[in-house]
Asks: 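So that we are looking at the same thing, I have put the structure below in structure tokens.
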Amino acid sequence: MAEYTLQAEPPLAGAEMEIAGVRLWAPADLALVSLALPLGGEDAALMAIRAAYGAGLPEIGRSVVADDGTRLVRLSADLAFALFTHATPDAEHVVADRLNGAVYTTDQTDVWVALALSGPNTRRALERICPIDLHRQVFAVDHAARTVMEHLGVLILRTGEDDYLLLSASSSAKSFLHAVEVSLTNVNQT
Amino acid sequence: MIINHPLLGPRDAAEFVYLGDAALIDRPDWQAAEAAEAFHAYGYLRDNPAGAHQELWYHEQGDRSWLVVTRDTVSHEITQVELARDVARARGRSR
């Protein structure tokens with residue numbers, strides 16, 4: 001029998017470009033694990049997260065960066081995401097072990113695809129395709145929102161003054177990249 | 001139309017899907033003696049008010065929450081937005 005070697009091929013691996021002074025790239029090895037707080041066990045789950053990460057779960061629509069660089073994003077009353085750089089396909093085990101089973105964890109790494117944008121024109125490109133208000137004071141640093149861009153569901157995070165991280169479904173990764181790329185090109189032409 | 005989500009703030013109606021009358025929260029007891037009539041009413045009979053209407057909206061392109069939106073069917077003015085979970089609990093449901 002033939003010997004096979006399997007190699008990971010993230011859908012947007014290697015994507016990197018600069019348009020309108022904005023750097024657009026697909027961050028490598030970004031792991032994503034969902035954290036669901038069990039019904040009736042919310043307090044124990046929140047305590048476990050605080051003990052494991054040294055940071056409590058923020059309020060809904062906010063994110064916080066823990067000491068080890070993990071970004072905890074609160075999406076709703078009982079759901080959060082842990083985002084961290086992790087190259088091997090065992091991200092869920094790593095998080096589950098740290099939380100001692102107090103939180104339901106699911107590996108979402110391969111389901112989502114990430115695009116990072118950085119540069120002063122980023123907001124001008126995003127405001128063309130994003131229906132939520134991205135004004136600096138309204139969507140401040142570390143804010144997060146699930147919304148839709150060009151019919152694709154997107155989780156948008158503001159990670160810095162002019163830095164954003166967008167997460168969307170990996171099944172439509174190339175359409176998503178195209179949408180963001182076109183919007184940046186349109187900024188360039190105005 | 002903008003729906004002011006109780007947790008997430010103002011969101012465009014395009015992010016939501018409409019289901020219908022919020023009376024759907026009150027599913028009848030299937031073991032009750034009059035269950036057949038109750039389910040007929042639950043499944044088919046609706047008021048059709050010209051005015052305030054409580055309805056279920058699903059934030060599909062958002063946090064996947066169910067909302068009870070009170071909307072004026074004549075003017076489309078939205079007067080109240082609540083989490084369906086809170087409304088159900090206030091009506092005595094366990095979750």
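Only this structure's heavy atoms are used, side chains among them; waters, hydrogens and symmetry mates stay out. Order of the sequence lines fixes the chain letters, A, B, ..., with proteins taken first and strands second; residue numbering starts at 1 for each chain.
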Asks: With sequence neighbours left out, write down each residue that passes side chain to side chain donor-acceptor pair (under 3.5 Å) with A:Glu150, or none if nothing qualifies.
Replies: none
Asks: Where do B:Arg85 and A:Asp78 land on the salt bridge (Lys or Arg N to Asp or Glu O under 4.0 Å) test, with the steps shown first?
Replies: CA-CA 12 Å; B:Arg85 182 165 68 176; A:Asp78 50 12; 3.7 Å; yes
Asks: Below 4.5 Å, heavy atoms only, C-beta onward: do B:Arg64 and A:Ser76 meet side chain to side chain?
Replies: no
Asks: Counting neighbours of OH on A:Tyr104 that are heavy atoms of other residues, nucleotides or ligands and sit closer than 6.0 Å, is the number greater than 12?
Replies: no
Asks: Which atom pair, heavy atoms only, marks the closest approach of B:Leu8 to A:Leu75?
Replies: CD2-O, 4.4 Å
Asks: Check whether more than 12 heavy atoms from other residues, nucleotides or ligands sit under 6.0 Å from atom CD of A:Glu3, and answer yes or no.
Replies: no
Asks: Is the shortest heavy-atom distance from the side chain of B:His59 to the side chain of A:Arg146 under 4.5 Å?
Replies: no
Asks: Could I get the full list of side chain to side chain contact (heavy atoms under 4.5 Å, CB included) partners for B:Glu34, not counting sequence neighbours?
Replies: B:Ala32, B:Glu37
Asks: Please determine whether the number of non-hydrogen atoms from other residues, nucleotides or ligands lying under 6.0 Å from atom CZ of B:Arg46 exceeds 12.
Replies: yes
Asks: Any side-chain donor-acceptor pair under 3.5 Å between A:Thr147 and B:Gln61?
Replies: no
Asks: Looking at B:Asp63 and A:Arg74, does any basic side-chain N land under 4.0 Å from a carboxylate oxygen?
Replies: no
